[in-house]
Visitor: 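Pasting in a structure now, in structure tokens, and then I'll have a few things to ask.
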Amino acid sequence: MSIVKVEGLGISFGNLPALKEINLQVPAGGIYGIIGPDSAGKTTLLRTICTLLPYKEGKVEVLKLDALKDAAVIRAQIGYMPQRFSLYRDLSVEQNIRFSARLFGVNGKEYASTLERLYQFSKLQPFAGRQAGKLSGGMQQKLALSCALIHKPELLVLDEPTFGVDPVSRQDFWDILHALKAEGISIIVSTPYMDEAQQCDRISLLFKGKIIGSDTPAGILAGWKGHLYRLETDDPQRLYGYLKEDLRLGDLQLFGSDIHLGSEDALEDAVFEKWQKGCPALKSWQQIQPNMEDVFLKMMQ
Amino acid sequence: MPNLNRIRAIAGKEVYHILRDSRTLAIVILMPILQLIIFGYAMNMELQNVPLAISDLAHNHASRRIIQAFEQSGYFRIIPVAVEDFVPEELFRQRKAQATLSIPRDCGEERTQMLLKVDASDPNTAQLIQNYALGILGGGAKSGLLDLRPFILYNPDLKSSFFFVPGLIAMILVMICALLTSISISREKEMGTMEQILVSPVSALEILLGKVIPYILLGLLDAFLILGVGMLLFKVPFAGSFVVFLGFSFLYVLCALCLGLLVSTIAKTQQAAMMMALGITLLPTLLLSGYLFPIPSMPAVLQKITLIIPARYYLVIIRGIMLKGNSVAELYQAGLSLIVMTIVMLIVAVKRFKLRLI
């Protein structure tokens, strides 16, 4: 059963196309990642799923309801956490949660018990009276998540929730998402961090308004054909120039001070030794398993 | 049907904002008082100590009585001028006098003709000088068969504070109320917090009502503040009842707040909302409400436009209550006009309010 179904969705802002021919099936009960660089269209896609943007091309179904016609019904059953921190900085932690609760009609005993559970995972209780604007980035994200969860939504939509948050808080946040998933909540999350793709059950790679691949993270990685080598060097610019200009090799990516080289055929040591003579900057080489970033960069081409 | 709980949620949150934001609160309370004081002393239209040169050729009992009347009025200050220097045009040019009075030799006899010359480089002042002078001379219209004696009601001394304090209440209220709601909504759009509200099942009417309700109290607080300061500093009378004042001010405040809502459905940023709210309240209220210029003397087109200026109706109401002691029976028509405008603006605002981001 899919909790979100997008068919042939296209959205333009003026003459600027933001999304083109998007097809998406999000199965219920897992974590679905929308992975892509900045300005790929992640926010536009998530806002459309949350019924916040109108569209003319295609069809969007959320919880088997039409995102255009049944917006009000859908809104009551999903939790959404926008990319920008969009709670009230001058209101306290508890006032913010209380406000969300009242908007969704969560009151009395139900509110008290949900609040307690939210405090358990967010550890925000000691800060209940603090103004939201005075929380750290990680705590602000947990507060925003709490507000999105106060009405126990079936579907949770998170737009770059870990952006600009320190690595420890990021892992904290993912642990919470896994716990929510265990409770049966479906989650759609967007992120520009490739390493976070591994945390998802299924992912779609979004680039320039188009989905360039949808699968499980393992399936995406398995889609890599050929061999990948990591070349270590003390002068990456020079080696990159040598491989690109002199040898006319196409499948090259700079990774910090290393270069990742893709090849359809296996390469013998002799080949590298020959290159080393041509460009002494090449220090060592090693065959490696491709990671998500390698695959994504290759698919982008 | 609008959900009362959601309206209360938004209104309650707005109250927290107001209480937390001491700067806005200070503006809401201090701005009207400052404006009242500045306008009050700057817009003084009463004459005082107008320099007057008198040439008295009669030098008799009657002429001395006339001069004494001018001196004692307080409006004029008699400046001494030698007989050979009494050339009105020259005195005006040198700004030594603003008016001159020539009393002929036959003063005190039947049908004396006196000549009053007034410097009309400022026509408003000239008009006032003329009126005061004629008043002192015992009714200039007194001639032959007719004896016309003006008897002025409600403001017998023609004190300008009686005129500007009610007008200022009307102007400051519409300005501040339109600012409050328009900024409050455009701020949520600008800060991105509207996105969080929109993704809940809340309706446009619920959002707008939740935004208006807390500010009604602030608006009424301002109304009483300006009235109180006006009565204290400028000694304006209050002939009517406070309950009637409260009721009609409530209608006016509500109308102005809805005007702000309408602005917020057009303006995207706080800055734009502020400019727009000030633009459509300040000048139209000053010029087209009948505050500074009487509506019957406007061109027909402008007279039609005054029909959609809320202050036009409130001015009738507040002048009626403060000066004439009017009650609901005399004011209900103006009140109805305010109600109709409020409802129309609220409907348009709800229709225009977008429950989506674009």
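All values below come from the heavy atoms of this structure, side chains included, with hydrogens, waters and symmetry mates left out. Residue numbers start from 1 in every chain, and the chains themselves are labelled A, B, ... in the order their sequence lines are given, proteins ahead of strands.
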Visitor: Just by distance, do the side chain of B/R356 and the backbone of A/T51 share a donor-acceptor pair under 3.5 Å?
Guide: yes
Visitor: So, taking the atom named CG in B/L357 and the one named OG1 in A/T43, what distance separates them when rounded to the nearest 0.5 Å?
Guide: 11.0 Å
Visitor: Using the side chain to side chain contact (heavy atoms under 4.5 Å, CB included) rule, pick out the option among B/R8, B/K13, B/R6 that qualifies with A/R102.
Guide: B/R8
Visitor: Are B/N5 and A/N107 close enough, and set up right, to give a side-chain contact (heavy atoms from CB on, under 4.5 Å), and what steps lead you there?
Guide: CA-CA 10 Å; B/N5 274 325; A/N107 285 306; 4.2 Å; yes
Visitor: Hey, is the main chain of A/F85 close enough, under 3.5 Å, to the side chain of B/Q196 for a donor-acceptor pair?
Guide: no
Visitor: Less than 4.5 Å to any heavy atom of chain B: does that hold for the side chain of A/Q131, its backbone, both, or neither?
Guide: side chain
Visitor: Can you tell me how far the CZ atom of B/R20 sits from the CZ atom of A/R89, to the nearest 0.5 Å?
Guide: 14.5 Å
Visitor: Please check this pair: side chain of A/R84 against backbone of B/M191, looking for a donor-acceptor N/O pair closer than 3.5 Å.
Guide: yes
Visitor: What part of A/R98 is in contact with chain B, defined as an atom under 4.5 angstrom from a non-hydrogen atom: side chain, backbone, both or neither?
Guide: neither
Visitor: With only heavy atoms counted, which part of B/E188 is less than 4.5 Å from chain A, the side chain, the backbone, both or neither?
Guide: side chain
Visitor: What part of B/I7 gets closer than 4.5 Å to chain A, counting heavy atoms only: side chain, backbone, both or neither?
Guide: neither
Visitor: Name the option with the most non-hydrogen atom pairs under 4.5 Å to chain B; the candidates are A/F13, A/F99, A/Y80, A/Y88.
Guide: A/Y88
Visitor: As a test of understanding, state which of B/I10, B/V199, B/N3 forms a side chain to side chain contact (heavy atoms under 4.5 Å, CB included) with A/L103.
Guide: B/I10
Visitor: So what's closer than 4.5 Å to chain B heavy atoms on A/N96: side chain, backbone, both or neither?
Guide: neither
Visitor: Would you mind telling me which of A/G105, A/P82, A/A148, A/A76 has the largest number of heavy-atom pairs within less than 4.5 Å of chain B?
Guide: A/P82
Visitor: How many angstroms lie between CZ in A/R47 and CD1 in B/I358, if you round to the nearest 0.5 Å?
Guide: 9.5 Å
Visitor: Please look at A/A72 and chain B and tell me whether the side chain, the backbone, both or neither of the residue comes under 4.5 angstrom of a heavy atom of that chain.
Guide: backbone
Visitor: What I'd like to find out is whether the side chain of A/D159 reaches to under 4.5 Å of the side chain of B/E195, using heavy atoms alone.
Guide: no
